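What follows is a short report on a single structure.
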Amino acid sequence: MNVLDCMGFTFTYAGTNTPVLQDLSFSVAPGEMILLCGPSGCGKTTLLRMMKKELQPAGRQAGEIRYKGISIKKLPDIRAASEIGMVFQHPEHQIVMEEVLQELVFGMENVGFPPDQMRRRLAETISSLGLEMLLTRRTESLSGGQKQLLNLASIMALRPRLLLLDEPTGFLDPIGAVQFLQTIKRLNEETGITVIFTEHRLEEAYPLADRVLVMDGGSLLYDGSPRDGIEWMNRAGSRHRHLVPTIPRLALQTGVKSDFLPLTVKEGRQWLKEHGKTASAPTDPPEETVSVPPNPILSLNRIDFRYDPETEVLKQTTFQVSPGECLAIFGANGSGKSTVLQMMANSLQPDSGSIRYKGKKRKKRKDNQWHHQIGYLPQNPEAFFLRETVEAELDAVASRFSKEEKRDRCQEVITHFKLLSLLTRHPHDLSGGEMQKVALACLLLRDPEVLLLDEPTKGMDPELKRFLSQEIQAFIQKGRTVVMTTHDVEFAAVTATRCTLLFDGDVLTPAPASSFFRKNDFFTTAVYRVTRDTGMPEAVTVEEAVRLWQSPDWLSVSS
Amino acid sequence: MKRGFRDFHPAVCFVYYAGSLLLLLLMVHPFFTLSALVVLFAVNLLYDAGKRLLQLKSVILMTAGIILIVNPLTSERGAHILWEGMSHRITLEAVLYGGMMAGTVVGVIASFASYQQVISTHQFLYLFSRLLPQWALLTVLSLRFVPLMQRRLEEIMRVQRSREGEMSNFHFREQLRRRMKRLEVLLTWSLEDGLQTADSMKARGYGAGRRSSYIPYRWRLSDGVSLFFLMATAGLCLFGWVQGMGVLTIYPIMESLMPTDQEWMLLAGYLSFFSFPILVEMGGMNA
């Protein structure tokens, strides 16, 4: 019997007329691992919530979703809670208790497991997920990745048969994200649990899935194997072509006809071995030119900073950015990336050291020139908005311009960022990606010289990421400057001109993006991991690879 | 094994805090309030060396300060005049009354601070999730809110500081309006997070059936004895309160500040109630 049957399911939110889910029909067999993807706002999250009895939103339903033959609505409470588990996006907001142990047993207590059984389940769950070391810790002291594993463990302790995950790695750093997804895959393979998940990180998630469902506008467009899915996305037009993960995109864009499409790094290298001219000598990597940028627009000099006396966040941090460049700062969560940006935005003051803008030292806490010319996009854009609607927010930002100029500028930004449909909405009701986009529009409306972006791609779908990347490139073309912190290696590789790493309170000397990624093994792009040491010219991005391989015809076109 | 106050059955601990709150609010007398304050501070020192109180020091000083200052400034009632200006006089009654109110508020804060160190969310849910599931859920969520909101407010302030340049006018009124806006943003934002927490609780079957407990809170003899002690001392105080003792009558005519003999006895009972955790920790009750 199928674990889940979705039969002609249509759903309309209360108070609206357009359905968000339209006539969905599919079945899920036991043990499948299904990836649900599609652009932001396509109805993925709503569909997942429809599968969880307790979280079904209010509205009109037509058709039916059945769990093991029983309509979700008619499932007994206890069974619904224990057999269908759900992990959400934000690691922290899901945690209820102060101590890890209490959090782990929370679900089991709710459904009334006897203490003996709880003990057994607990022992099994923590050892299978490797959480022994955390058992006595306080939940607030855990890292994001650990918190998300704890959320998973608390659900796994209930022995669910169906696991729903709504972008579970959205707030994790790359290492934590990979670890989490691998754990899910392992559970799927070892216990046969059925998994349905949504993800923005398709690079890591896509190869894990047994089956892919692509949605758009509330309808199911594609349902089939991951490899055929790539072909489908590639044919289905630009909106879906963005979804294709890097490695298959590399294979597709070279134009080589091949009946085997690589999905993982290993497969990619295999593919390259078959289709590339391996006998050729490796090319020299471009020589790194370490040059001090000529006229730095913003420079930090020997910055020390600590939030409390015990923990030093920044130690003698020194670096500069010049007009016309985009500097990407990498670093683990909690390494002080956001602190550096806030320091540059004049929201935090260093304990010692100096910050210069156009050669002038910052002295005042309230520096008007500073606030006019430097725009700061915070990590949580919720903190950015003060007004009821997006329109009012734009209006307030432009308040210092004359009436005419204000209208023109607003109009331009609205069309450019495609904000027309969002204007009357409350900023906090937008999705994560949309919120980032609106905040960025507000910043650009001010016409700043420098943009400071704190993890700008968080919550963005591939299409929006591409838009942001073009936006940043156009901005630095005008001789302006962007400094961003990010976890997104692929995004930085196509967007940034220089990259650096913040580690142990200090910034490494920034290096040009192409040479920065060539020096790393793990902390680098998928394309580089595919192409390094293959005898082919090494590349960091898909575009670079296609360009390098085209000229002397490195690839054998026939297969 | 030595067992402390925190190892008692959650019901006993809860009765202590509920009783403390009740007595603080009922017995409004400088002697009573002040001595309760001293004991509550000591209880706080016992469990986390006063760290939590130190974190709350600005809140404590501000609320206490405001009440202490505002009350004598707004109330002119009373016969004992301390200072008389052109259009205003400050009376001993108003100062005393303000002081007692401030003391009560600080006492309530101190007992909450210590509550958080003694009664865990787990124990709280154990006590109330069967009785009043919705209410218990709401309480857990709001308790989680406090530290979260503190962090959030700091974040909003920092981000908004970077946007100050957008505004051309810096009128006092505009500034005030923007401050209020920040608080509004804080509330909507935090409420949304709260909804996510509630979702995660529901998704794991909260309220679906009868809750069991992983930690077996067994009712022991010492729990019974302690509960009896707490009930007896609190009962004594309540009995005295009904008789009109333990409360300083200020208006219309202020009674003598010094307690009567009976009130001294009542104070002894009152203090034994409040110092119960200290007595337990010092005595090292064995179970």
Side-chain angles (χ1 to χ4, degrees), chain A residues 52 54-55 77-78 80-82 85-86 88 90 93-99 101-102 105-115 118-119 122 151 154-155 158 342 345-348 366 368-376 378 380 382-387 396-397 399-400 426 428 446 452, chain B residues 116 120-123 125-126 129 133 137 140-141 144 147-148 152-170 177-178 181-182 184-186 188-216:
Chain A
K52 184 82 180 129
E54 300 85 353
L55 303 178
D77 283 349
I78 299 266
S82 52
M86 183 154 178
F88 305 84
H90 207 293
H93 298 162
Q94 298 170 59
I95 294 177
V96 184
M97 297 295 186
E98 295 106 350
E99 278 170 30
L101 178 88
Q102 295 169 352
V105 296
F106 178 77
M108 292 194 279
E109 291 179 330
N110 285 335
V111 298
F113 277 24
M118 268 194 251
R119 256 191 132 68
L122 184 66
N151 290 323
S154 175
I155 286 157
L158 288 166
Q342 289 178 359
N346 200 8
S347 314
L348 277 179
K366 191 168 276 164
N368 263 341
Q369 192 200 12
W370 203 281
H371 291 305
H372 279 307
Q373 302 192 344
I374 298 181
Y376 166 57
N380 296 314
E382 287 94 340
F384 186 86
F385 301 111
L386 285 183
R387 284 163 190 85
V397 172
S399 64
R400 82 187 154 97
H426 192 289
H428 284 194
R446 269 160 57 182
L452 308 169
Chain B
Q116 284 176 335
S120 66
T121 310
H122 187 264
Q123 291 173 324
L125 284 181
Y126 171 78
S129 65
L137 172 102
V140 167
L141 290 183
R144 259 182 104 260
L148 184 80
R152 280 287 153 74
L153 189 61
E154 265 167 46
E155 192 179 337
I156 292 175
M157 304 268 259
R158 273 208 294 269
V159 171
Q160 290 303 323
R161 219 176 279 157
S162 77
R163 290 189 66 185
E164 273 167 4
E166 287 166 9
M167 297 294 151
S168 42
N169 51 340
F170 262 108
R177 218 176 56 86
R178 298 187 78 189
K181 277 278 174 202
R182 284 176 203 179
E184 198 184 307
V185 170
L186 176 72
T188 40
W189 189 11
S190 311
L191 278 174
E192 271 169 23
D193 294 350
L195 286 182
Q196 290 179 28
T197 312
D199 273 353
S200 125
M201 287 173 82
K202 272 192 289 175
R204 280 180 287 167
Y206 182 80
R210 201 181 157 77
R211 231 176 109 81
S212 57
S213 176
Y214 177 72
I215 305 167

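Convention: sequence-line order gives letters A, B, ...; per-chain numbering from 1. A quick note: this is a predicted structure, and the numbers were derived from the prediction, not measured.
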query: Parallel, tilted or perpendicular for A/Phe106 and B/Tyr206, by the 30°/60° rule?
result: parallel
- prompt: Of all heavy-atom pairs between B/Thr197 and A/His93, which one has the smallest distance, and what is that distance?
  reply: OG1-O, 2.8 Å
query: Which heavy atom of B/Met201 sits nearest a heavy atom of A/Asn110, and at what distance?
result: O-ND2, 4.2 Å
message: Can you tell me which portion of B/Leu125 sits under 4.5 Å from chain A's heavy atoms? Options are side chain, backbone, both or neither.
response: side chain
query: Taking B/Gln160 for the side chain and A/Phe384 for the main chain, is one N or O donor matched with an acceptor at less than 3.5 Å?
result: yes
task: Ignoring hydrogens and angles, tell me if any N or O in the side chain of A/Glu109 forms a donor-acceptor pair with the backbone of B/Tyr214 under 3.5 Å.
output: yes
message: If I measure from the heavy atoms of chain A, does B/Gln196 come under 4.5 Å with its side chain, its backbone, both, or neither?
response: both
query: So do the side chains of A/Glu99 and B/Ser120 get within less than 4.5 Å of each other, counting heavy atoms only?
result: no
- prompt: Just wondering, do B/Val185 and A/His428 contact through their side chains at under 4.5 Å, heavy atoms?
  reply: yes
- request: Enter the distance from B/Lys202:NZ to A/Met86:CE here, rounded to the nearest 0.5 Å.
  value: 12.0 Å
message: Donor-acceptor pair, distance only, cut-off 3.5 Å: does the side chain of A/Ser347 make one with the backbone of B/Val159?
response: no
- line: Rounding to 0.5 Å, atoms NE2 (B/His122) and CD (A/Glu98) come to a distance of 10.5 Å
field: Region of B/Arg210 that comes under 4.5 Å of a non-hydrogen atom in chain A
entry: backbone
